[in-house]
Amino acid sequence: MEKYDVKFKKKLGQNFLKDKNIVRRIVDTSGVNNSSLVVEVGPGGGIMTKELSAKAKNVLAYEIDSELESELALKLDGLSNVDILFQDFLEADIVSDVSNYTYEKLFFVSNVPYYITTPIILKLIKSNLHFDNIVMMVQKEVGERFSTKPGSREYGSITVLLNYFFDIKKEFFVSKKEFVPVPKVDSVVVSFKEKKKKLKVLNFDFFERIIRDSFQYKRKNIKNNLKQYDLNVINNVLKKYGYDLNVRAEMLNVDVFVDICNELWK
Ligand code: SAM
């Protein structure tokens, strides 16, 4: 069991893994190999960084808390293929940082700080970098929301948005007892593989807006949530899939949203 000599900061989502077997399982799930560059957010006390360093060509890690510097230096002593940038990942220029390395495949592997899970994923998407695999530990409920199917209670705007880009898979459950300090929530490891074939969205910002508007009022149907758009156009798209304007957003898969968005944008 890993021991840490640090003062944990709750507001930075500092719950560190203790068990190397879990870390190993996460890294194995990712498929990282010795020709890969791995981006990690939040190395914390370095438990995952160390395992990544053993498997990857290079590890580029972003840690917001510079007070962890001495702990990380101690734990990662002598590992020449790890670079830690002490900065807020959300402010980082990852495209430029990644361009300093040569690699065959790019990966993202992280036990992310849960308070910024969605902003991290959106940042990865907007970077336009091609990740061979994105593997993250997230709050269990959030992982379920990401990977659920239309018609379920958890299905929401973020599900549609992420499922446009990725095939998302829940890999395995991790109990809150595996962390120090013990958080309030359980976790799940989720992988995101870029979709090989996806319908093309004509304007991504508009797509994002349509999705958010469609889910704005959970109990309302498409006719009400999208009343500011051309409902005739929307109805014609819905008919193709066997629906009408009374359907709720939670019933529609990502392809229907792409079609609606592109027809309205034309
Ligand atoms: N990887 C370690 C592990 O698995 O034990 C620590 C994971 S802990 C859940 C999340 C880490 O992210 C913390 O070390 C925290 O300081 C760091 N962090 C929080 N916000 C961050 C941000 N905006 N940018 C970079 N790191 C951040």
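This structure is a prediction, so every number in the text was calculated from the model and none was measured. Counting convention: from 1, in listed order, for ligands and their atoms alike.
- At a cut-off of 3.5 Å, with distance as the only test, a side-chain donor of D65 or Q14 sits close to an acceptor on the other residue.
- Residue contacts with ligand 1: L17 is placed with a nitrogen or oxygen under 3.5 Å of a nitrogen or oxygen of the ligand (distance criterion only).
- Among protein heavy atoms, the minimum distance from atom 20 (N) of ligand 1 is reached at Y115 OH, 2.8 Å.
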- Should K75 and E2 be marked as a salt bridge (charged side-chain N to carboxylate O under 4.0 Å, His left out) after you check the CA-CA gap, both sets of side-chain angles, and the distance that decides it? CA-CA 10 Å; K75 297 278 172 67; E2 191 80 358; 3.5 Å; yes

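- In this structure, E40 has a heavy atom closer than 4.0 Å to ligand 1.
- Of all atoms in ligand 1, listed by their number and element, those nearer than 4.0 Å to a heavy atom of G13 are 8 (S), 9 (C), 10 (C).
- Side-chain atoms of N221 and N224 include a donor-acceptor pair closer than 3.5 Å.
- Of the candidates V6, I116, I64, I64 brings a heavy atom nearest to atom 26 (N) of ligand 1.
- Considering backbone and side-chain N/O of G42, one or more are found under 3.5 Å from N/O of ligand 1.
- Closest to atom 7 (C) of ligand 1, if we only count protein heavy atoms, is N111 O, 3.3 Å.
- Residue D65 has no N or O atom closer than 3.5 Å to an N or O atom of ligand 1.
- Using a 4.0 angstrom heavy-atom cutoff, L90 does not count as in contact with ligand 1.
- Atom 24 (N) of ligand 1 has F89 N, 3.0 Å as its closest protein atom, hydrogens excluded (heavy atom only).
- Within ligand 1, the atoms closer than 4.0 Å to a non-hydrogen atom of D88 are 22 (C), 23 (N), 24 (N), numbered from 1 in the order shown.
- Taking atom 19 (C) of ligand 1 as the reference point, the nearest protein heavy-atom neighbour is L12 O, 3.1 Å.
- In this structure, F179 falls outside the shell of residues with a heavy atom less than 4.0 angstrom from ligand 1.
- Between F108 and F89, the ring planes lie tilted relative to each other; the angle falls in the 30° to 60° range.
- With ligand atoms numbered from 1 in the order given, ligand 1 contributes 9 (C) to contacts under 4.0 Å with heavy atoms of V112.
- Relative to the six-membered ring of Y101, K57 misses at least one condition, a distance below 6.0 Å or an angle of at most 45° to the axis.
- For Q87, the heavy-atom gap to ligand 1 drops under 4.0 angstrom.
- Looking at heavy atoms from C-beta onward, F207 lies in side-chain contact with V258 at the 4.5 angstrom threshold.
- In the displayed structure, F172 atom CZ is contacted under 6.0 Å by more than 12 heavy atoms of other residues, nucleotides or ligands.
- A donor-acceptor pair under 3.5 Å is formed between the side chain of K18 and the backbone N or O of K177.
- The shortest separation from a heavy atom of T49 to ligand 1 is not under 4.0 Å, leaving the residue out of contact.
- At a 3.5 angstrom cut-off on N or O pairs, E63 counts as close to ligand 1.
- R212 has a carboxylate O that lies under 4.0 Å from a charged side-chain N of E208, or vice versa, which qualifies the two as a salt bridge.
- Close contacts between ligand 1 and I47 involve ligand atoms 3 (C), 5 (O) [criterion: under 4.0 Å to a heavy atom].
- Judged by the shortest distance from any of its heavy atoms, P43 lies inside the 4.0 Å radius around the atoms of ligand 1.
- If you check the side chains of Y241 and D255, you find no donor sitting under 3.5 Å from an acceptor.
- Using cut-offs of 30° and 60° for the angle between ring planes, the F206 and W265 rings count as tilted.
- Remark: K198 qualifies as a cation-pi partner of Y164 under the 6.0 Å distance and 45° angle criteria applied to the six-membered ring.
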